[in-house]
2 protein chains.
Amino acid sequence: MSNISIYKEKLRESGLRPTRQRLKICEVLFTPEKTFHFTINDLTKIIENKLSEKISLATVYNTIHAFKKKGYLKEISINSDKSYFDTNVTEHHHFFDEDTNELIDCSNEEIDSVNIKKNITGKKIKSVEVLIKVASDNQNQN
Amino acid sequence: MSNISIYKEKLRESGLRPTRQRLKICEVLFTPEKTFHFTINDLTKIIENKLSEKISLATVYNTIHAFKKKGYLKEISINSDKSYFDTNVTEHHHFFDEDTNELIDCSNEEIDSVNIKKNITGKKIKSVEVLIKVASDNQNQN
DNA sequence: TCAACAGTTTAGAATTGTTTTAATGTGAAC
DNA sequence: GTTCACATTAAAACAATTCTAAACTGTTGA
């Protein structure tokens with residue numbers, strides 16, 4: 001399985017040594033066909049359950065942060081008690097279902113490009129994120 | 001000063017009794033001409049310093065939450081260790097300066113309206129928030 | 001007038017997500 | 001093989017938020 005060498009490369013690119021623990025993290029993050037959203041908690045649960053591997057939280061955090069810094073993961077700007085990450089690093093946006101706390105991708109084709117007429121002197125735009133909050137029709141606003 | 005009666009009304013509308021502590025919170029939030037962004041920590045500091053009043057955190061939290069629920073405050077969707085609130089409850093968007101961690105309003109006139117072509121079955125759009133992250137030109141991406 | 005009560009305030013404790021620490025482990029290069 | 005920089009780990013520290021339990025307050029209605 002040459003995936004392993006891809007993972008090792010990703011780790012080295014992120015300034016991390018390819019250790020057993022980190023390769024497991026890569027396996028969970030980068031093997032699936034479909035991209036997905038996760039929290040650190042989700043990720044450690046998957047590793048523990050599916051791979052019956054126990055990886056210390058500190059290792060998970062430092063690996064995820066390195067991947068984010070390198071651009072192999074994106075952090076989604078949603079105000080929540082926890083941080084959400086996305087293995088889809090292409091430019092796209094999100095629906096957030098307030099009933100289920102679920103994130104749903106909104107591809108660039110599904111939204112007209114955002115045209116910003118203002119700019120902040122001396123500052124460069126790093127990212128533009130659109131978050132569309134949705135909820136059941138027949139539901140009280142919370 | 002008839003502001004007081006406005007504040008009392010706002011509190012009652014939010015299902016809260018107008019107590020001394022809560023009126024102080026209203027004073028800080030709703031007296032200024034200009035709307036502003038704040039964290040719970042900011043708010044308690046302002047109350048302590050400017051009004052030399054000490055209000056328990058629990059009271060601040062419950063009042064802010066009630067105002068948010070009622071729509072007198074907006075919570076800004078930014079992924080951060082703390083929650084940011086906005087006294088500007090009209091529809092508008094934000095720049096986030098990554099260098100200074102500062103939020104800057106982006107009015108609806110300064111951005112073309114976002115046109116969403118996708119919809120989630122059975123769900124209604126509650127809000128659309130655009131967050132534009134900016135940073136110094138000559139700065140490393142973090 | 002005052003007893004009762006529903007809602008409030010408060011300090012501190014509890015909880016939760018995240019980061020730090022300090023000790024121990026590991027693997028590639030000499 | 002030794003060494004050394006980097007890793008892993010469990011546990012402690014930390015920070016934001018929520019919860020708790022006890023004391024307080026203001027209205028209501030005997």
Side-chain angles (χ1 to χ4, degrees), chain A residues 4-5 7-28 37-48 51-70 73 75-85 101 103 142, chain B residues 4 7-8 10-28 37-48 51-70 73 75-85 101 103 142:
Chain A
I4 299 286
S5 34
Y7 301 158
K8 284 186 177 174
E9 189 52 26
K10 273 193 147 85
L11 285 164
R12 283 198 204 92
E13 286 282 314
S14 309
L16 300 175
R17 281 194 196 158
T19 62
R20 197 186 77 250
Q21 291 87 339
R22 287 175 176 158
L23 285 169
K24 284 291 175 191
I25 293 173
C26 286
E27 201 179 319
V28 172
H37 308 116
F38 65 94
T39 64
I40 297 288
N41 189 40
D42 295 338
L43 183 54
T44 39
K45 281 233 175 77
I46 294 170
I47 293 169
E48 275 177 31
L51 309 185
S52 27
E53 183 96 5
K54 172 92 185 63
I55 299 181
S56 136
L57 259 186
T59 302
V60 177
Y61 273 100
N62 87 28
T63 307
I64 294 307
H65 284 162
F67 280 157
K68 180 195 159 189
K69 192 167 174 181
K70 181 67 190 175
L73 288 176
E75 189 165 7
I76 299 169
S77 270
I78 182 169
N79 158 272
S80 159
D81 49 340
K82 4 181 185 300
S83 297
Y84 283 80
F85 296 90
N101 272 22
L103 279 164
N142 75 324
Chain B
I4 299 286
Y7 301 159
K8 283 187 177 172
K10 274 193 146 87
L11 284 164
R12 283 201 203 89
E13 285 282 314
S14 308
L16 300 176
R17 283 193 195 158
T19 62
R20 198 187 74 248
Q21 292 85 342
R22 286 175 177 158
L23 285 169
K24 285 290 174 190
I25 294 173
C26 286
E27 200 180 321
V28 172
H37 308 116
F38 66 93
T39 64
I40 297 287
N41 189 40
D42 295 339
L43 183 54
T44 39
K45 281 231 175 80
I46 293 170
I47 294 169
E48 276 178 31
L51 309 185
S52 26
E53 183 97 5
K54 171 93 185 64
I55 299 181
S56 134
L57 259 187
T59 302
V60 177
Y61 273 101
N62 90 25
T63 307
I64 294 307
H65 283 162
F67 280 156
K68 181 195 159 188
K69 193 166 171 180
K70 182 66 190 174
L73 288 176
E75 189 166 6
I76 300 169
S77 270
I78 182 167
N79 158 273
S80 159
D81 48 342
K82 4 183 184 299
S83 296
Y84 283 80
F85 295 90
N101 271 21
L103 278 165
N142 74 324

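As the structure is a computational prediction, the values presented were derived from the model and not from experiment. Naming: A, B, ... by sequence-line order, numbering from 1 per chain.
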_Check the phosphate of dT26(C) against Gln21(A), side-chain N and O only, distance under 4.0 Å to OP1 or OP2. Yes or no?_
no
*For Ser83(B), which contact category applies under a 4.0 Å heavy-atom criterion: base, sugar-phosphate, or nothing?*
sugar-phosphate
*Taking only the side-chain nitrogens and oxygens of Tyr61(B), find out if one of them lies under 4.0 Å from OP1 or OP2 of dT18(D).*
no
*Listed by chain and number, what are the side chain to side chain donor-acceptor pair (under 3.5 Å) partners of Thr39(A), not counting sequence neighbours?*
Asp42(A)
*Atom pair distance, as rounded to whole Å: CD1 in Ile55(B) and C1' in dT25(D)*: 16 Å
_Between OG1 on residue Thr44(B) and CD on residue Glu53(B), distance to nearest 0.5 Å_ = 13.0 Å
*asked:* If we check side chain to side chain contact (heavy atoms under 4.5 Å, CB included) with Leu16(B), which of these qualifies: Lys8(B), Lys10(B), Arg22(B)?
replied: Arg22(B)
*Classify the nucleic acid contact of Thr59(A) as base, sugar-phosphate or nothing, counting any heavy atom under 4.0 Å across all strands shown.*
base
*Gap between atoms CZ and C1', on Arg20(B) and dG7(C) respectively (whole Å)*: 16 Å
*Could you state the CG-P distance from Asp81(B) to dT20(C), rounded to the nearest angstrom?*
12 Å
*Using a cut-off of less than 4.0 Å, is there contact between a side-chain N or O of His65(A) and OP1 or OP2 of dT19(C)?*
yes
*Roughly, in whole Å, what's the span from CZ in Phe85(A) to P in dG17(C)?*
13 Å
*Would you mind reading off the distance between Leu11(A) atom CG and dA28(C) atom P, rounded to a whole angstrom?*
13 Å
_Distance in angstrom units between Ile47(A) CD1 and dT9(D) P, rounded_ = 10 Å
*How would you list, by chain and number, every residue that makes a salt bridge (charged side-chain N to carboxylate O under 4.0 Å, His left out) with Glu13(A), sequence neighbours excluded?*
Lys70(A)
_Length of the line joining Lys8(A):NZ and dA28(C):P, which is rounded to integer Å_ = 8 Å
*Hey, does the side chain of Arg22(A) come within less than 4.0 Å of dT8(D)'s phosphate (OP1/OP2), counting only N and O?*
yes
*Look at Thr19(B) and dG7(C) and indicate whether a side-chain polar atom (N or O) is within less than 4.0 Å of OP1 or OP2.*
no
*Taking atom P of dT18(C) as reference, at what distance in whole Å does atom CZ of Phe38(A) sit?*
11 Å
*Per the side chain to side chain contact (heavy atoms under 4.5 Å, CB included) rule, which among Ile25(B), Thr19(B), Leu23(B) passes with Leu11(B)?*
Leu23(B)
*Tell me which of Arg17(B) and Leu57(B) sits closer to the 5' end of DNA chain C, going by the nucleotide each one is nearest to.*
Arg17(B)
